[in-house]
Amino acid sequence: MPNFELAERVASLPPYLFAAIDKAKSEVASQGIDIISLGIGDPDMPTPDFIIDALYEAAKKPANHQYPSYVGMMRFREAVAAWYAERFGVQGLDPKTEVITLIGSKEGIGHFPWAFINPGDMALVCSPCYPVYATAVRFAGGTVEYLPLLDENDFLPDLDAIDEATWKRAKMIFVNYPGNPTAATANLDFYSKLIAKAKATDTIVVSDLAYSEIYYDAAQKPPSILEVPGAKDVAIEFHSLSKTYNMTGWRMAMAVGNAQLVQGLGKIKENVDSGAFNAIQEAGIAAMEKGEPYVEKARAIYKERRDVTCEALAAAGIEHRVPEASVFVWAKVPGKKSSAEFVTDLLKTTGVVVTPGSGFGSSGEGYFRISLTVDTERLKEAVSRISQL
Ligand SMILES: *Cc1c(COP(=O)(O)O)cnc(C)c1O
């Protein structure tokens, strides 16, 4: 029998974060313990009906049954440019050259390094962070240097602590605000400084803005990095309809920004996929054009969940910051346990599933992440169980 060993790039991957938890979860569930899952950041609310209706109408058009365009429908890209102008005041994004449709932003983020990383090139990645950035860089043959996100720096990378030589070696830097898993936000001062450093050292800036619309205070809407004048010289930003409109299953997203960067990503995609289903893009246009009242309702629901959770955590003496955006609360593991021990003990004794901070990078050790993707009653119950551990 031949033995088909996995390629080195796959064999060397760290164990998949959720796989071990899933195994423990089914063991606990089989003992009849009531499981409350605050583990995965997948919105629990359904996609608004008007978006489903738009899909249904679009799916009936035979023209939409054929191969879509690689870069996405012009009308979708125009809707993205219009949405960026309306929401962020980012005017003049050229839908032809500075916008591309993605099959979910994970797809785009996963493919982007293939376009710009040569074997041996280095990328700066925050820790803790969404695991796809580092894996994508490594798949393309690059190496990763981590920037710790610390409480004392508001979970932003300390840009001044990166020495000149490192900036010069870095081919790209990834940032994600509002952040998964830290729920931290960045302001325009941070982005301006980042853009200035990147410009001075020819570094590509990759911004992941997946959670920009889940904010809790309309006076403090999370900005886009493209609001910084001149950001388009060095930046590409990934955005997604997934979290904004409860459309994670639909796989609909976009990248916008520097034309060379957007088109470089397009070159990779031309060779590995054939674009997103046109009918879903039509539904996506409807979402961006008419979705705001629905997002407003979702925000109110998340805000209530955040408040209930943070009040209960505070009462239980569990340290955390009250997030201004995202669907997460990032909290400190009480006592002296490691993140993994805490999460495993919590699951086994209370049935509550949270995500260990260390699973997002070594600087996440000592923390755990709560997803606000169950209703307030269950969140209250979960925190009360956490406090009894
Ligand atoms: C959910 C998520 C994404 C991916 O969203 P898609 O569904 O692939 O568009 C990207 N970045 C972060 C940080 C996320 O949490």
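We count residues from 1, following the sequence as given. Indexing begins at 1, ligand by ligand and atom by atom, following the structure's order. Keep in mind that the numbers below use all heavy atoms, side chains included, and drop hydrogens, waters and symmetry copies.
- For a threshold of 3.5 Å applied to N or O pairs, the pair formed by S105 and ligand 1 contains at least one separation below that value.
- Taking 4.0 Å as the cut-off between side-chain N and carboxylate O, R378 and D34 count as a salt-bridged pair.
- The residue among I40, D208, N180, V132 with a heavy atom at the shortest distance from atom 11 (N) of ligand 1 is D208.
- Taking the six-membered ring for Trp and the full ring otherwise, F328 and Y211 have centroids separated by under 6.0 Å.
- Below 4.0 Å from some heavy atom of S242 lie the following atoms of ligand 1, by number and element: 6 (P), 7 (O), 9 (O).
- Near G104, meaning under 4.0 Å from any of its heavy atoms, are these atoms of ligand 1: 8 (O), 9 (O).
- Polar contact with ligand 1: present for K106 (N/O pair, distance under 3.5 Å).
- Considering backbone and side-chain N/O atoms, K243 comes within less than 3.5 Å of an N/O atom of ligand 1.
- At a 3.5 angstrom cut-off on N or O pairs, R251 counts as close to ligand 1.
- Taking the six-membered ring for Trp and thresholds of 30 and 60 degrees, F190 and Y177 have ring planes more than 60 degrees apart, a perpendicular arrangement.
- A salt bridge links E98 with K232: at least one charged nitrogen is closer than 4.0 Å to a carboxylate oxygen.
- Counting heavy atoms only, S240 comes closest to atom 9 (O) of ligand 1 of the residues S240, G179, S326.
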Test side-chain hydrogen bond (donor to acceptor under 3.5 Å, both in side chains) on Y215 and R299 and set out the steps.
CA-CA 7 Å; Y215 53 79; R299 275 181 206 118; 3.3 Å; yes
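- For residues 167-177, the set of pairs meeting the salt bridge (charged side-chain N to carboxylate O under 4.0 Å, His left out) definition, not counting sequence neighbours, comprises E145-R169.
- Residue N176 has at least one heavy-atom neighbour below 4.0 Å for each of these atoms of ligand 1: 13 (C).
- Residues that satisfy the side chain to side chain donor-acceptor pair (under 3.5 Å) test with E311, not counting sequence neighbours, are absent from this structure.
- The shell of residues lying under 4.0 angstrom from ligand 1, judged by heavy atoms, includes Y211.
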